[in-house]
Amino acid sequence: MAYTVCATWVAKDGEEEAVAQAVARIYQLAAGEPDILVYTFHRDPDDPRRFFFYEQYTDADAYARHLDAPYVREHAFGDAVPRLVSRDRTFWTTWDPTDEVLA
């Protein structure tokens, strides 16, 4: 069962390119993490200040380890997050409906 994170970031006016650069650094550095199953970043074509992230990890502990990685602390929490007007996250676990017995 995978642990899924969906996040939306909205950059402050004029900060969108700095956020995009921080996100690019995070993306490149995350490539070596073995517990990341899916790491897909999106940007709103109509509002370049809006970013959407779809991430899957082997479990919640893997996500916690990712957040604690030095490059995430530096580029996300130290650089990008202070440049945001909002940051929303939702958490999910994968579910296989065929495992359910329907009455």
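Remark: aromatic rings of F52 and Y54 are distant, center separation not under 6.0 Å. Separation of the F53 and H42 ring centroids does not fall under the 6.0 Å cut-off.
With rounding to the nearest 0.5 Å, the separation of OH in Y71 from CD in Q28 is 11.5 Å. To the nearest 0.5 Å, atom NE2 of residue H66 and atom CG of residue L29 are 10.5 Å apart. L37 contributes atom CG, which lies 11.5 Å from atom CD of E55 (distance to the nearest 0.5 angstrom).
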Inset, instruction - Give the intermediate values and the outcome of ring pair (Phe, Tyr, Trp, His ring centres under 6.0 Å) for residues Y57 and Y3. - result: CA-CA 5 Å; Y57 300 84; Y3 186 75; 7.3 Å; no
Legend entry - side-chain contact (heavy atoms from CB on, under 4.5 Å) between R89 and W9, intermediate numbers included: CA-CA 9 Å; R89 295 178 298 167; W9 289 4; 5.6 Å; no
Inset, instruction - List the steps, then state whether side-chain contact (heavy atoms from CB on, under 4.5 Å) holds for L84 with V10. - result: CA-CA 6 Å; L84 303 179; V10 180; over 6 Å; no
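Listed by chain and number, the residues in a side-chain hydrogen bond (donor to acceptor under 3.5 Å, both in side chains) with D59 amount to none (sequence neighbours excluded).
Checking side-chain atoms of K12 against main-chain N and O of P82 turns up a donor-acceptor pair under 3.5 Å.
Considering only heavy atoms from C-beta on, Y63 stays 4.5 Å or farther from I36 through its side chain. Residues T93 and T4 are not in side-chain contact: their nearest non-hydrogen atoms beyond the backbone lie 4.5 Å or more apart. Put simply, the side chain of F51 does not reach to within 4.5 Å of the side chain of T8, judged on heavy atoms.
The environment of OH in Y27 is sparse: at most 12 heavy-atom neighbours from other residues, nucleotides or ligands sit within 6.0 Å.
When the side chains of ILVMFWY residues are joined at heavy-atom separations under 4.5 Å, either directly or via intervening members, V85 and F77 end up in two distinct hydrophobic clusters.
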Which side-chain N or O atoms in residues 15-25 pair as donor and acceptor under 3.5 Å with protein atoms at least two apart or in another chain?
residue: E15; atom: OE1; partner: R83; partner atom: NH1; Å: 2.5
residue: E16; atom: OE1; partner: G14; partner atom: N; Å: 3.0
residue: E17; atom: OE2; partner: R43; partner atom: NH2; Å: 2.8
residue: R25; atom: NE; partner: H75; partner atom: ND1; Å: 3.2
residue: R25; atom: NH2; partner: D79; partner atom: OD2; Å: 3.2

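Between L67 and V72, the shortest heavy-atom distance links the atoms O-CG1, 3.7 Å. Across all non-hydrogen atoms, the minimal contact from T40 to V38 is OG1-CG1, 3.5 Å. The heavy-atom pair separating D35 from A62 by the smallest distance is CB-CB, 3.4 Å.
For the residue pair T90 and W92, a side-chain donor N or O sits within less than 3.5 Å of a side-chain acceptor on the partner.
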